[in-house]
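Contents: one structure, followed by commentary.
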Amino acid sequence: MASKEQRRIAVTGIGLVTPVGNSTEETWSALKAGKSGAGQIASFDASGFSTTIGAEVKGFDREKAVPDKKLLKFASRSHAFALAAAAEALADAGVAPRPEDSHRWGLTVGAGMMSVAYDDLKVIHDYATDENGYFDADGMLNPDFPGNPVNFCRWQSNAGLGLLTKQFGIRGYATSVHTACASGGQAIGSALKAMRRGQCDRMLAGGFDSMLNPIGISGFCLLGALSTDNENPTGASRPFDKSRNGFVLGEGAGFLVLEDWEKAKERGANIYAELAGDGNSLSAYRITDSPPDGNGPIQAIQQALGDAGVSVDEIDYINAHGTSTQMNDRSECAAMKAVFPDRIHDSVRVSSTKSSMGHLIAAAGAVEAAVCCLAIRDSVAPINANHGEFDPDCDVNLVLGEAKPGRIRAALSNSLGFGGSNSSLVFRNPEEVSA
Amino acid sequence: MKNASEKIVFTGSGIVCGAGANVNDIWNVLESGETAVGPYTQWDGENWPVKVAAEVKENNRTLVPDRKLHKTISRTDMFGIYAAEQAIENSGILAQRDALPEDKQGGFNDRTGLIVGSGGGCYQSNYDYLPLITEAKGELHDFGKELSNQVTPMWLLKNLPNNVLCHVGIRGQLKGTNACITNQCASGIMAVAESASAIWNGEADRIVAAGHDSPFEPEMVYYYHKLGLMSDEAPKPFDKERSGTVFGEGAASVVLEKEEEAKARGAEILGEFLGFGCCSEATGVLDLSPDGDGVQRAIEQALDDAELSPSDIGMICAHGNGTPASDLTESIGIREVFGEAIPPVTGFKWAYGHLIGASGIADLVMTLEALKREMLPGIGTLAKVDSAMGDFPVSSSSTKPASQNALVICRGFGGMNVVLAVRV
């Protein structure tokens, strides 16, 4: 695939809203310092749940972030994050759709599950259940039933896509994907492919999610996937540590602006990195379990390297999926060791920034792709925080203690989802492109 | 988009909807002019403003015999798994794999992709929490405390939007490129477009594309009705008296592969993928551009991708959902491209309702059948074409396609328009 003449794609804009900062630079500074975004959940009463901690976005002003009042009315919490992050990315790139080229702009998003707001479900409960709480459809026909079509619209699977295309006037190819925790990575991979085949000249690509609400967190509590270190929220997410015991649920959004390389050069744009390769596989193993031997993630990483035309010797940083669950981290390490047998123990720097931000689910892959671009820009790998006890299965070259400086020729971002979808992306340092 | 040196063909299809659980049965409904839309049974609709839908009538275990699997999937997943596995079976790709020496089978699996368009989820899945709210007397603290006593630990797994991708992948060991598209109505048809693009891009040798949805549920009916989008009888696309759409439920699937490989293994070829167009009207979640802008551009992109001119097209399977605004703007967009030389147009939602996430891919499967039979079924519920659409070539009776090339149009929330160009 790499031998084929293909269009080169540049990353020229980044926007982030995360539990460690409501902008790109704020988030990036926190990740380099290994600052945790986790704490006791404050946005609702989580005191009765088995997990009471999460990594919430803090101090986010919806009204300020999304000036269009009508659009904001239709926006869920995660949609508002998305609109804000996308606006930052476009402003950063210094380019936006104009009427004459809006049809050549595209959008791909990794969107979260259609998680209903507890308050909306409470309304259904109060009007349309019997005395035992079982649903009774006719209750909705009560003339006082306050069900609101606007809330319904928020729930539609592509509502985020609809709001983003409208806000920024994007009239070309547009799609929305959901492969659980791999969504954000797959959305960026889909954008790369759409641009290479000439479908768009510029794209906004990213992900957004917020499951930090009673219904969202319930699903994970029931599965036992979350860390229950309720007394130690900032240390709960400890990817690759021997005592890791689940992930910390985060929320947020991340967007990249992608451009045809030549067009970006022509307008003198600042290029963070080349989005050089995408790999995408299905483990086809079990729904929540990861294959212990890394079969599945291995193919995704190899494909991404092959697609990018980057050798295993050129990867200087891996932003691991690293959720901090026993199985995921072991499976991912097995895959990294299989692909980089000679370099993974000492020369490739590896970190999971979920140690600071928590797990942003459908947004994770997009935010972490942005982290790879920033690491390349500043020649520094962010910290794998909270690592204490060594796990022999996870003996990779983790960035511990402090951010590790050093030039990065190419970086890899892994996203491995529930259901077995694996996404790997390769970013190349722009200096390596001209070289 | 297109890589002219390689032809991509369909070698298997599967479908289930209110009109039947295979292509033949559904074709017979389309040909008969008798809609499958009728009174629904999933809840008592007596007091409801909308009393009809096109429900799938097959028994759950007929569609997916594995009893254990039903514990971890929802209704929509059941349709998707059924349709995808029917398409896989018809295509013979797994039989081809199983005939390979064992050491070649892993490589085959890695080069076999699976792309699913999913409705994304159901409101009803959240009703599992309603008894818990009662138990907790509306207190969140008690809701959290009692959670694991009231709700199944499998709740999240049952409701993952990407369940069909997971289960079909595991059951068939399809390990190559994959995606789960959650783009409302456009989900299923985009799965087909992305599959063809991925094969052209060299990411896979063959891909199973599927779309599934079960939009028919109380909250969907309630809100669609409130928004003025629902009819209380079978939809009448392009009719002067059309008053809205009606939900169906179901799934459809096609297997795409390189023509060369399909021929080499002697597979039955159902048709060829020629190209596609996809664009947004940037009008927000619900609104439509009054000038048919997105329809026009998506058709033009598809023709361009397929290297066809408007006069090459022999039939159009329209989105035709039966709502006043969508049908009118769709006809305007079509006219912008074809002028006064519009090929025969039909649509199938009058027969099996609106399958939302599965609608476009179901229409594709039935369009391939129409091309094969050289017969374009009429719109059974059509009485008088809306004069606001000018001389628009839709009819209640069947006609012959003018050529072997067809367009399938799919529109959705978010201002989405997707058009496929195919031929037999």
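Keep in mind it's a predicted model, so treat the numbers as computed, not measured. Every chain is numbered from 1, with letters handed out A, B, ... down the list of sequences.
Comment: B/E203 does not engage A/R197 in a salt bridge, judged by the lack of any side-chain N to carboxylate O separation of less than 4.0 angstrom. Look at A/K122 and A/D119 and you find no salt bridge, because none of the NZ, NE, NH1 or NH2 atoms lies under 4.0 Å from a carboxylate O. Ion pairing between B/E139 and B/K145 fails under the 4.0 Å rule for side-chain N and carboxylate O.
Heavy atoms of A/N148 lying under 4.5 Å from chain B belong exclusively to its backbone. With a 4.5 Å cut-off on non-hydrogen atoms, B/K175 touches chain A through its backbone and its side chain both. Interface residue B/T177: backbone and side-chain heavy atoms are both found under 4.5 Å from chain A. Using a 4.5 Å cut-off between heavy atoms, A/Y118 touches chain B through its side chain atoms alone. Contact of B/T152 with chain A is made through the backbone alone, with heavy-atom distances under 4.5 Å. Using a 4.5 Å cut-off between heavy atoms, B/I181 touches chain A through backbone and side chain atoms alike. Interface residue A/N132: only backbone heavy atoms are found under 4.5 Å from chain B. With a 4.5 angstrom heavy-atom cutoff, A/R154 does not touch chain B via any of its atoms. Both the backbone and the side chain of B/L147 come within less than 4.5 Å of a heavy atom in chain A. Only the backbone of B/D44 comes within contact range of chain A, with heavy atoms under 4.5 Å apart. Only the side chain of A/T129 comes within contact range of chain B, with at least one heavy atom under 4.5 Å from a heavy atom of that chain. If you measure heavy-atom distances from A/S283 to chain B, the contacts under 4.5 Å come from the backbone alone. Heavy atoms of B/L174 lying under 4.5 Å from chain A belong exclusively to its backbone. Contacts of A/Q167 with chain B are absent, with no heavy-atom separation under 4.5 Å from either backbone or side chain.
Using modelled atom types, no side-chain atom of B/R297 and backbone atom of B/C278 make a donor-acceptor pair closer than 3.5 Å.
In this structure, CD on A/Q40 lies 10.0 Å from OG on A/S47, to the nearest 0.5 angstrom. Note that OH of A/Y173 and CZ of B/F276 are 6.0 Å apart. Values are rounded to the nearest 0.5 Å. Taking CG of B/D110 as the start and CG of A/L282 as the end, the distance is 10.5 Å to the nearest 0.5 Å. In this structure, the separation between CD1 on B/I133 and CG on A/L121 is 4.5 Å, given to the nearest 0.5 Å.
Across every non-hydrogen atom of B/F413 and A/N158, the tightest pair is O-ND2, 2.6 Å.
For the set A/L163, A/D136, A/I170, the entry with the most heavy-atom pairs within less than 4.5 Å of chain B is A/I170. Between chain A and the options B/G169, B/G106, B/G120, B/S280, the largest number of non-hydrogen pairs under 4.5 Å is found for B/S280. Of the listed residues (B/V221, B/V418, B/T283, B/T182), the greatest number of heavy-atom pairs within a distance under 4.5 Å of chain A belongs to B/T182. Comparing B/K226, B/E281, B/M416 by heavy-atom pairs within less than 4.5 Å of chain A, the highest count is held by B/M416. Listed options A/F152, A/F49, A/Y134 were ranked by heavy-atom pairs under 4.5 angstrom with chain B; first place goes to A/F152. The greatest number of non-hydrogen atom pairs below 4.5 Å with chain B, out of A/K70, A/R286, A/H178, is found for A/H178. When the candidates B/C166, B/G284, B/A282, B/G121 are compared by the number of heavy-atom contacts under 4.5 Å with chain A, B/A282 comes out ahead. Ranked by heavy-atom pairs under 4.5 Å with chain B, the first of A/G419, A/S218, A/S421, A/C221 is A/S218. When B/Y224, B/F143, B/W48 are compared by the number of non-hydrogen pairs under 4.5 Å with chain A, B/W48 comes out ahead. Note: B/D293 leads B/D142, B/N109, B/D293, B/V168 in heavy-atom pairs under 4.5 Å with chain A.
Checked against a 6.0 Å centroid threshold, the rings of A/H79 and A/F74 do not count as neighbours. Ring pair B/Y129/B/W155: centre-to-centre distance below 6.0 Å.
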Inset, instruction - Please lay out, stage by stage, how B/E146 and B/N149 fare under the test side chain to side chain donor-acceptor pair (under 3.5 Å). - result: CA-CA 5 Å; B/E146 290 302 314; B/N149 297 328; 3.1 Å; yes

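Relative orientation of the A/F145 and B/Y222 rings is perpendicular, given thresholds of 30° and 60° on the angle between their planes.
For residues 185-194 of chain A, heavy-atom neighbours of chain B at less than 4.5 Å comprise A/Q186, A/K193, sorted by residue number. Applying a 4.5 Å heavy-atom cutoff, the residues of residues 184-191 of chain B that approach chain A are B/Q184, B/M190.
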